[in-house]
Every structure is written in structure tokens, then in C-alpha cells.
Amino acid sequence: MSGKPTGATPLLRIKGVQKSFGSTHVLRGIDLDVARGEVVTIIGPSGGGKTTLLRCVNFLETYDRGSITIDGAEVGYRDGEARKRRTETDLARMRAETGMVFQLFNLFPHLTAAQNITLGLTRVRGLGRAEAGDKAMHWLKRVGLADKAGHLPSELSGGQQQRVGIARAVAMEPKILLLDEITSALDPELIGEVLDVVLSLAADGMTMLIVTHEIGFARDASHRIVFMAEGTVGAEAPPAEIFSPNQPNERLRSFLGRFSAAHRL
Ligand SMILES: Nc1ncnc2c1ncn2[C@@H]1O[C@H](COP(=O)(O)OP(=O)(O)OP(=O)(O)O)[C@@H](O)[C@H]1O
Ligand SMILES: [Mg+2]
């Protein structure tokens, strides 16, 4: 992806973030900025802390040290008051600024595709039923599912469910979209349709922080790729540099080597 946006202050700023689960030091001082309109993809070996980092950005997980700010406001903790948790109302308001889509489609099974999208719009955004319905249809159309509005998740394929999940997240108009391995539970033939939706959102300027094992997609969709291993950022560069045969980071080279063997990149 070309035309990396430039902005004075990054939309998302992660500084020195550390996180342990008991004696396991999972995030060991992560620094990472995402500019408005930028698509940043995190790749790296299993257990490296990618999901944990995304969950910290959404404050589904607390972090022990460092700071995470979105538009200058500290995520989870009160501004200027270190480690004082925000009120639940405040947390809910801030979480609505980050749309998160997970690996497993977590649609409400008893609600239709359209109702899955309108729920947050009426309950969290306070939209009226008609306006929420229009918005849901707009986004269903955008992900190619206008004809599935009245279907229950069980009546949709995995790829379609995941596209509803993306529509639900973007309909809330988040400042940043967090995508964690959104295609890894899909049959291979369904992966393309979901990644195409992500590419079209990127082309529209949506700010995104993506975790993926789809290395070809990372190369095509990202302004910048971050290689995370063992709780640290091992390399951070535009795709051309990350995939360069002269890539100096040996761990990254060996990680990518496995993919090139498997996928003939
Ligand atoms: N709730 C938890 N309690 C204890 N340990 C956890 C918890 N969540 C994650 N971990 C540990 O943190 C480490 C990082 O996990 P994480 O899920 O962030 O890795 P990941 O990079 O997303 O891996 P993958 O590529 O397999 O998804 C692992 O060692 C994991 O076992
Ligand atoms: Mg993960």
C-alpha cells in the first residue's frame, strides 16, 4: 500500500508497555505509533504477545507499565493519574473508539445480520431504530451482504459471518480498527473475500492495527509491518524493507523463510 499518511500526532501511541501474566513477562516494553489513516500489521511467532497487545489497546486487558493513548487520551487509566482505572462508563465510551474483530466470529447467534449491527448503534451510540437500520444496510452492502440482512449467523458461511463482524465494527465509526487473525478460522477459499473487505476499508483511509499470519496480505495491505517476538518489537519497516533479502534481523528472516517455503512468496 502506498501513500503513507503523515500526521503530526499519531492517533495511537504505545509507549514502553509492559504486561505480565503471573511470572510470564509477555510484553517487555512495546513502543508503537499508528498515524491517522495508517495500516500497521503485526506479524510474528505464536506466543509473542500480539493478541495481548491488541487487547491492551482495547483495555480488555490491563497493562502494568507504560502508556497507551488514543488521540492523546490514556486508554484505561485516568489522564495524569497513573494506574487509576477509569469509570466503567468512561471505559465503555473509550472502547467504542476502537473497533475490534476477533479470530472467532462472535456474532450474537439469535440475532440476524442486520440486528447484530444495529444493537450497538442503538444501545451505545444512541441512534434511533430507523437510522440504525439504514446504517446497518449501508455497511452490509459495503461488505457485499445486502441480501443477507435477515439471516441468522447459523445461515451464513464463516466468511460471511466475519464480514458481518467487520461491518458491525466499522458501523460504530471507531477511530481505529483492531483485527486479530480474522481469517485464521476460515476455510482457505473464504479468506480472500474477507481480506478484500479489509483492503477496501484501507483504501478508504480507515486506520487499522492488524495481526495476521497471512504474510502476503500483510505485504499488500500495510503501510508498515511490525515484527513482534517474545514481547518485543524486533523490526518495524515498510513491507519492501521487511521482505528485503537484505533484512538484517535474523529472527525475522528465519520467520519469513518458513512462509516463503510454504506459500512460495
Ligand atoms: N489470560 C492469560 N493468562 C495467562 N497467560 C496468558 C494469557 N493470555 C496470554 N497469555 C500468555 O501470553 C503469551 C502471549 O500470548 P498471545 O496470545 O498474546 O500471543 P500471540 O502472539 O497472539 O500468539 P498467536 O500467534 O498464537 O495468537 C503466551 O505465552 C500466552 O500463554
Ligand atoms: Mg494471537
Side-chain angles (χ1 to χ4, degrees), residues 12 14-34 39-68 70 75-77 83 85 91 95 98-106 158 161-162 165-166 169 176-188 190-191 194-195 198 208-219 221-222 224-237 239 242-243 249-263 265:
L12 170 66
I14 300 173
K15 266 192 96 59
V17 164
Q18 300 204 34
K19 164 81 185 168
S20 295
F21 290 108
S23 59
T24 318
H25 200 179
V26 177
L27 301 178
R28 297 163 177 255
I30 302 286
D31 293 318
L32 174 63
D33 286 351
V34 181
V39 178
V40 174
T41 302
I42 306 174
I43 59 172
S46 187
K50 304 180 297 296
T51 294
T52 304
L53 182 66
L54 246 53
R55 289 173 58 84
C56 285
V57 172
N58 206 6
F59 212 63
L60 291 169
E61 208 66 80
T62 58
Y63 45 100
D64 308 326
R65 279 165 192 275
S67 84
I68 301 179
I70 293 178
V75 171
Y77 302 111
R83 305 292 160 243
R85 198 180 162 93
L91 282 177
R95 280 204 185 105
T98 58
M100 184 142 181
V101 184
F102 301 92
Q103 173 178 0
L104 295 171
F105 342 112
N106 50 350
Q161 288 182 51
Q162 200 57 307
I166 295 171
I176 182 168
L177 204 53
L178 309 172
L179 307 177
D180 190 8
E181 294 199 44
I182 58 168
T183 59
S184 58
L186 295 176
D187 290 337
L190 302 177
I191 290 176
V194 174
L195 295 184
V198 178
M208 293 193 256
L209 183 57
I210 301 174
V211 171
T212 187
H213 286 294
E214 295 287 330
I215 297 297
F217 169 73
R219 188 187 48 192
S222 319
R224 205 147 42 90
I225 295 180
V226 172
F227 175 61
M228 223 175 125
E230 285 156 8
T232 58
V233 171
E236 180 188 343
I242 290 282
F243 292 102
N249 185 314
E250 199 171 322
R251 183 95 206 265
L252 169 57
R253 269 207 325 273
S254 120
F255 175 76
L256 292 174
R258 273 182 274 147
F259 285 94
S260 33
H263 300 294
L265 270 175

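Heads up: numbering here begins at 1 and tracks the sequence. Whatever order the structure lists them in is the order used to number ligands and atoms, beginning at 1.
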Pairing residues for [X] by the side chain to side chain contact (heavy atoms under 4.5 Å, CB included) criterion, not counting sequence neighbours:
| X | answer |
| --- | --- |
| Asn106 | Phe102, Arg168 |
| Val40 | Leu32, Val34, Glu38, Leu209, Arg224, Val226 |
| Arg65 | Gln18 |

Next on the checklist: Polar contacts were defined as any N/O atom of the residue lying under 3.5 Å from an N/O atom of the ligand; does this apply to Val26 and ligand 1?
Outcome noted: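 It does not: no N or O of Val26 is found under 3.5 Å from an N or O of ligand 1.
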
Checklist entry - Within the structure, does Gly44 bring an N/O atom to less than 3.5 angstrom of an N/O atom in ligand 1? => result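 No; the residue has no nitrogen or oxygen that sits under 3.5 Å from a nitrogen or oxygen of the ligand.
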
Checklist entry - Starting from atom 3 (N) of ligand 1, which protein heavy atom do you reach first, and at what distance in Å? => result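 Answer for atom 3 (N) of ligand 1: Phe21 CD2, 3.5 Å.
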
Checklist outcome for this item: heavy-atom search around atom 15 (O) of ligand 1 in the protein gives Thr52 OG1, 3.8 Å

Checklist entry - Evaluating non-hydrogen atoms only, which member of Arg55, Lys19, Lys50 is closest to atom 21 (O) of ligand 1? => result Lys50

Checklist outcome for this item: Ranking Gly47, Ser46, Ser184 by closest non-hydrogen atom to atom 26 (O) of ligand 1, top hit is Ser46

Next on the checklist: Would you compute the distance between atom CG of Leu12 and atom CG of Leu178 and round it to the nearest 0.5 angstrom?
Outcome noted: 8.0 Å

Output yes when a side-chain donor or acceptor of [X] lies under 3.5 Å from a complementary backbone atom of [Y], and no otherwise.
| X | Y | result |
| --- | --- | --- |
| Asn58 | Met100 | no |
| Thr24 | Val26 | no |
| Gln162 | Ile182 | yes |
| Ser222 | Arg219 | no |
| Thr232 | Ala229 | yes |
| Lys50 | Pro45 | yes |

Can you name the atoms of ligand 1, numbered from 1 with element, that are less than 4.0 Å from a heavy atom of [X]?
| X | answer |
| --- | --- |
| His213 | 25 (O) |
| Glu181 | 24 (P), 25 (O), 27 (O) |
| Thr51 | 17 (O), 18 (O), 20 (P), 22 (O), 27 (O) |

Next on the checklist: For Tyr77 and Tyr63, take the angle between the two ring planes, folded into 0 to 90°, and tell me which bin it lands in: parallel under 30, tilted 30 to 60, perpendicular over 60.
Outcome noted: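 The rings of Tyr77 and Tyr63 stand perpendicular, inter-plane angle above 60°.
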
Next on the checklist: Distances under 2.8 Å only: what protein N/O/S atoms are near the Mg ion (ligand 2), ordered by chain and residue?
Outcome noted: Thr51 OG1

Next on the checklist: Quiz question for you: does at least one protein heavy atom lie closer than 4.0 Å to atom 18 (O) of ligand 1?
Outcome noted: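 Yes; the ligand atom in question has protein heavy-atom contact below 4.0 Å.
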
Checklist entry - Can you find a protein heavy atom under 4.0 Å from atom 13 (C) of ligand 1? => result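 Answer yes: something from the protein, a heavy atom, is under 4.0 Å.
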
